[in-house]
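Notes follow the structure.
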Amino acid sequence: MTATEPAPPTALAAPTPPLAARARGVGGSPVRDILAVTARPEVINFAGGLPAPELFDADGIAAAYRAVLAETPARALQYSTTEGEPALRAALAERTGARGLPTDPDDLLVTTGSQQALSLLAAALLEPGDTVLVENPCYLAALQAFGLAGARVVAVPGDEHGLDPEALEELVVRERPKLLHTVPTFQNPTGRTLPAARRAAVAGVAARRGLWIVEDDPYGELRYEGERVPWIAAHPGAEDRTVLLGSFSKVMAPGLRLGRLRAPAGLRRACAVAKQAADLHTPTVNQLAAARYLADHDLDAHVRRVAGAYGERRDAMLAGLAAALPDGSVWNRPEGGMFLWARLPESYDTTALLPRVVRQDVAYVPGAPFHAADPDRATLRLCFVTQTPQEIAEGLRRLGAGLRA
């Protein structure tokens, strides 16, 4: 270019195309945002819902992948059916039946994590403006999935034991919802478990009022105290009105991204069509490796070891909470799962307090984002499974210092 030649025009980035209303109206996950801020290794992070990586059966999973790739490489690396690999669906059906819910392999759709199952159900069932009932507080990613579908989300009143079946029935009559989403066992975020009598009552509401239930069960196998409570889906009246979701993320490894959806045939087919549009199918090699792992290893024994370690970590957190939290705080004692729910005195705002606490190199998740309406700003969620008991004790010391600062 000579001195007399004009400079070339500066390249400008094209503006973002107008976003759909459903994308404009749904924000990111506050939990993921907190994790990004607290990713420094020195932070003791009670915020994430991350399984303890040192407890993964990495050797067993690696052996399963090696076997699949050595023995059936063409199949493992090829496209598969949308519904899922037959060997994996057969194994999942057997495990589900052994837990009290007779299941045929064809009753199941393998999903890319159970989170995808929520998105598929939203795509198959929800029109913009439809009403969805949720717990209060409720699973945050369910709020995202239903919000992205344009649904109107209404919280069902409840107490420390979970949703109130009578309040549920009143809402069903008044709101005529498309579905109820519930995590009845070791709920995220509270860790609470819906008692058997309430499960039967919820099933009765479904039968009387034609309510569809999405029973989300990613944590149910992680029990380290008390007796197993049967699924809502196993109760009379709910059998043909309940979609049961499950996952390998908490019992095997989240990186596999393997979940499943058990639903009546018509709804399952609609979800399969939605999945074809989303990702065609869940990765074949991951499905075959999981099936091989189930054939060669005792997953239940592995889960018992994991649950035993998690129980010790829960106890470590319970032992230190009184000293860490302000006087007048209350918290629960979950019988399993990964989370504990606490409420500070009314004057505390856990969202406003979080930056001060993070400066002490510890983190939690404020409770407000888990509420569909009327957030309780004095609440917080603590994940107790990712750290050792010694790290938990130090994290609670830091938490107490941050809350008192």
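Everything numeric in this text was worked out from a predicted model, so none of it was measured.
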Working to the nearest 0.5 Å, report the span between CG of L340 and OG1 of T190. 9.5 Å
Any side-chain heavy atom of T284 sitting closer than 4.5 Å to one from Q78? no
Are any non-hydrogen side-chain atoms of L179 and L133 less than 4.5 angstrom apart? no
Test applied, side-chain hydrogen bond (donor to acceptor under 3.5 Å, both in side chains); reference residue, T282; option that passes from Q287, K275, E83: K275
Using a cut-off of 6.0 Å, state whether more than 12 heavy atoms not belonging to R176 lie near its atom CZ. no
Heavy atoms, side chains only, cut-off 4.5 Å: are Q187 and E135 in contact? yes
Answer yes when E127 and K178 have at least one side-chain N-carboxylate O distance shorter than 4.0 Å, and no when they do not. no
Do any N or O atoms from the side chain of Q276 and from the backbone of A274 form a donor-acceptor pair under 3.5 angstrom? no
Those residues at least two apart in sequence (or on a different chain) that pass ring-ring contact (aromatic ring centres under 6.0 Å, His included) with F186 are none
I'd like to check E85 versus R89 (side-chain heavy atoms, cut-off strictly below 4.5 Å). Are they in contact? no
For a quick check under 3.5 Å, do T182 and D216 share a side-chain donor-acceptor pair by atom type? no
Supply the atom-to-atom distance R241 CZ to I213 CD1, rounded to the nearest 0.5 angstrom. 9.5 Å
Atom pair CG (L396) and CE (M317), whose distance is rounded to the nearest 0.5 Å: 5.0 Å
For residues S80 and L288, determine if any side-chain heavy atom of one lies less than 4.5 Å from a side-chain heavy atom of the other. no
Would you say the side-chain atoms of T350 and R377 include a donor-acceptor pair closer than 3.5 Å? no
For R223 and T193, which I'm curious about, is there any donor-acceptor pair between the side chains at under 3.5 Å? no
Roughly how far, to the nearest 0.5 Å, is CG of N286 from CD1 of I61? 10.0 Å
Within the structure provided, determine whether V202 and L180 are in side-chain contact (heavy-atom separation under 4.5 Å). yes
Would you call D130 and R152 a salt bridge, using N to O less than 4.0 angstrom? no
If you define the side chain from C-beta out and look only at heavy atoms, does anything of E160 sit under 4.5 Å from N332? no
Among all residues two or more places apart in sequence or in another chain, which pass the side chain to side chain contact (heavy atoms under 4.5 Å, CB included) test with A265? R268, R269
Can you list every pair that meets salt bridge (Lys or Arg N to Asp or Glu O under 4.0 Å) and has a residue in residues 349-358, with sequence neighbours left out? none
Should E170 and R174 count as an ion pair when the cut-off is N to O under 4.0 Å? no
How about Y139 and F370: are their ring centres within less than 6.0 Å of each other? no
Are side-chain heavy atoms of L118 and F146 found at a separation under 4.5 Å? yes
May I have all residue pairs that pass salt bridge (Lys or Arg N to Asp or Glu O under 4.0 Å) and include part of residues 382-392, sequence neighbours excluded? none
Please identify which of these residues, W331, F46, Y364, Y348, meets the side chain to side chain contact (heavy atoms under 4.5 Å, CB included) condition with L380. Y364
Between S249 and R257, is a side-chain hydrogen bond (donor to acceptor under 3.5 Å, both in side chains) present by the stated rule, with each step listed? CA-CA 7 Å; S249 292; R257 305 311 303 134; 3.2 Å; yes
Nearest 0.5 angstrom please: L109 CG to L121 CG, how far? 9.0 Å
Could E169 and R209 be called an ion pair, given the rule that one side-chain N must be under 4.0 Å from one carboxylate O? yes
Applying side chain to side chain contact (heavy atoms under 4.5 Å, CB included), name anything that partners T386, two or more places apart in sequence or on another chain. L50, C383
Got more than 12 heavy atoms from elsewhere within 6.0 Å of CD, E94? no
F339/Y219 under ring-ring contact (aromatic ring centres under 6.0 Å, His included): CA gap, chis, key distance, verdict: CA-CA 10 Å; F339 304 110; Y219 311 104; 5.7 Å; yes
Nearest 0.5 angstrom please: L143 CG to H181 NE2, how far? 9.0 Å
Partner residues of D300 under the side chain to side chain contact (heavy atoms under 4.5 Å, CB included) criterion, sequence neighbours left out: R95, R99, E221, D298, R304
F248 six-ring centre to R260 NZ/CZ under 6.0 Å and within 45° of normal: yes
Do we see a donor-acceptor contact under 3.5 Å between the side chains of N45 and Q387? no
